[in-house]
Amino acid sequence: MLSVRDAEAIILNLVQPLDPQRDIEIIDLLAADHRILSTPVTSQLDFPHWDNSAMDGYAVRYEDVQHSSDAQPTSLEIIEEIPAGYQPQSTLQPGQAARIFTGAVMPTGADTVVMQEKTRREENRVFILAAPQEQEFVRHKGAFYQGGKQLLPRGVKLHPPEIAVLAAAQCAKLSVYRRPRVAIFSSGDELVTADQILQPGQIVDSNQYALAALVREAGAEPLLLGIVKDHPDALREAIAYAITHADIVLSSGGVSVGDYDYIDQILESLEAKIHIQSVAISPGKPLTVATFPTPHSPLPTPHSPIYFGLPGNPVSAMVTFWRFVQPAMGKLSGLAGGWEPEFLKVRSHHELKSNGKRETYVWGSLHLIDGVYEFHKAGGSRSSGNLINLAQTNALAVLPVGTTLISPQAEVQVLRVALG
């Protein structure tokens, strides 16, 4: 049985990111939210595009106003008014000023802006009541970014700030990585869909719905294969289809040691290399991770898919997804960084217990209390089959092997599981 750290290292070493030349799509900027750049972006524009004013006031020559004061104001002739979007028509000469507004182009000859609060206007003259700093309130061309340099690197996930930058740079079309495809199926004769009437002994396949939502949240495209009966031929057919149509395959159930747990032997019959079969984690001990020879696949870049056989218990399935699958999907997707699990040290509001034999994950939520994050474990029983108290989980408290108790108000490490 592998440690959690060893299992994580094996999984991440198996992941090969999407190809930045072939695994790409050209999309409109308006559709780019949460997509990942596959090519570095440059712009030919300087930012600012021209020298402009950072303030409503008066564009002046510093030489004319450097000795101004309230007692001895400098009087200048106003020769032009320059609103934003207007091209100045005049060149400032000694003794002259231009009325200017925020964002407007600086006129030739001016090198400084005096804010209007430090002036007094009388008809076509302005009196400067205080000496400014040289070049004060002037935003110079190229001060923020020089055209031709890299604006955003490959591997960046695009959020509203990056999209604003790209819009300003007139990057209306972008090259982004395609969304990874993730095949999902659940195995079990007892499973039914959420819209079926339950019969005695049956349970709803909540894993299919949960995993599909997690996959979408991670920026990938779920390929839903439904419920597969606990029969070797049916399972073999589903797996054979999944590994030729997806980058990652997620199954839930059938990976333990029961009489109807066929997944591992079917994987071997399909020439899979099984890298992991169990991990010292609670919940989630039965975890199968396998790879296959490169298939003949309809995907843009055929490569060896990664198979994750997750436990069937709902909480176990989600914990193993958060701990192992989510980082793997981040690396596969082309992200340059930030796909590693995010751990924080916070204060525990409750007492947390474990038998100390396996690395234990307690589900709950983070709360900001008096400026300090606290972890609150979910109420009710902590059973891997109890998904009811999994609602509103955004963090998992981690009790290392050998740790049996974390007292209230003591420090605990938590894994954040909510994606942004």
Just checking [X]: does its [atom1] atom have more than 12 heavy atoms from other residues, nucleotides or ligands closer to it than 6.0 angstrom?
| X | atom1 | result |
| --- | --- | --- |
| E271 | CD | no |
| Y86 | OH | yes |
| D195 | CG | yes |
| E134 | CD | yes |

Nearest 0.5 Å please: distance from the [atom1] atom of [X] over to the [atom2] atom of [Y].
| X | Y | atom1 | atom2 | result |
| --- | --- | --- | --- | --- |
| L174 | L166 | CG | CG | 5.5 Å |
| L223 | I248 | CG | CD1 | 13.0 Å |
| F292 | I243 | CZ | CD1 | 4.5 Å |
| F308 | F321 | CZ | CZ | 9.0 Å |
| R178 | S333 | CZ | OG | 11.0 Å |
| W363 | L415 | CH2 | CG | 14.0 Å |

What residues form a side chain to side chain donor-acceptor pair (under 3.5 Å) with [X], not counting sequence neighbours?
| X | answer |
| --- | --- |
| H350 | none |
| E25 | R35 |
| R179 | none |
| Q196 | T193 |

Test side chain to side chain contact (heavy atoms under 4.5 Å, CB included) applied to [X] - qualifying residues, sequence neighbours left out:
| X | result |
| --- | --- |
| Q133 | E136 |
| N394 | S365, L366, A418 |
| P408 | E351 |
| S206 | P314, L387 |

Do you see a donor-acceptor pair shorter than 3.5 Å between the side chains of [X] and [Y]?
| X | Y | result |
| --- | --- | --- |
| Y145 | Q150 | no |
| S186 | D205 | yes |
| T360 | S282 | no |
| S38 | S175 | yes |
| R61 | T112 | no |
| Q116 | R121 | no |

Test salt bridge (charged side-chain N to carboxylate O under 4.0 Å, His left out) applied to R139 and D51, step by step: CA-CA 6 Å; R139 296 185 290 219; D51 290 357; over 6 Å; no

Are the side chain of [X] and the backbone N or O of [Y] linked by a donor-acceptor pair below 3.5 Å?
| X | Y | value |
| --- | --- | --- |
| T403 | L399 | no |
| D189 | D230 | yes |
| H159 | P161 | no |
| S43 | L45 | yes |
| N313 | V315 | no |
| Q89 | Q87 | yes |
| S3 | D6 | yes |

Ring centres under 6.0 angstrom apart (H349, H367): no

Considering all heavy atoms, the nearest [X]-[Y] contact:
| X | Y | value |
| --- | --- | --- |
| Q208 | L225 | OE1-N, 3.7 Å |
| Y307 | S251 | OH-OG, 2.7 Å |
| W339 | L335 | NE1-O, 3.3 Å |
| D46 | G147 | OD1-N, 2.8 Å |
| A32 | I163 | C-CD1, 4.0 Å |
| P286 | P311 | O-CG, 3.2 Å |

Would you check if [X] and [Y] make a side-chain contact, meaning some heavy-atom pair closer than 4.5 Å?
| X | Y | value |
| --- | --- | --- |
| N207 | I184 | no |
| V279 | V4 | yes |
| I82 | R99 | no |
| F185 | L224 | no |
| Y177 | R154 | yes |
| I128 | K118 | no |
| I281 | L287 | no |
| E162 | L152 | yes |

Qualifying residues under ring-ring contact (aromatic ring centres under 6.0 Å, His included), relative to Y241, sequence neighbours excluded: H245

Salt bridge (charged side-chain N to carboxylate O under 4.0 Å, His left out) partners of residues 318-343, not counting sequence neighbours, each pair once: E8-R323

Residue pairs, two or more places apart or on separate chains, that pass salt bridge (charged side-chain N to carboxylate O under 4.0 Å, His left out) and touch residues 374-392: R347-E374

Pair D247 + R181: basic N to acidic O under 4.0 Å: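 Looking at D247 and R181, the cut-off is not met.
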
R416 NZ/CZ over F343 ring centroid, <6.0 Å and within 45° of normal: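 Judged by the rule (NZ or CZ under 6.0 Å from the ring centre, within 45° of its axis), R416 is not positioned above F343.
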
Evaluation steps, side-chain contact (heavy atoms from CB on, under 4.5 Å), between I276 and I10: CA-CA 8 Å; I276 297 172; I10 289 171; 4.1 Å; yes

Steps toward side-chain contact (heavy atoms from CB on, under 4.5 Å) verdict (I306, V249): CA-CA 6 Å; I306 301 178; V249 180; over 6 Å; no

Mind listing the side-chain donor-acceptor pairs of residues 100-111 below 3.5 Å, one per line with the distance, residues two or more places apart or on another chain?
| unit_1 | atom_1 | unit_2 | atom_2 | d |
| --- | --- | --- | --- | --- |
| T102 | OG1 | D56 | N | 3.2 |
| T102 | OG1 | D56 | OD1 | 2.9 |
| D111 | OD1 | Y62 | N | 2.8 |

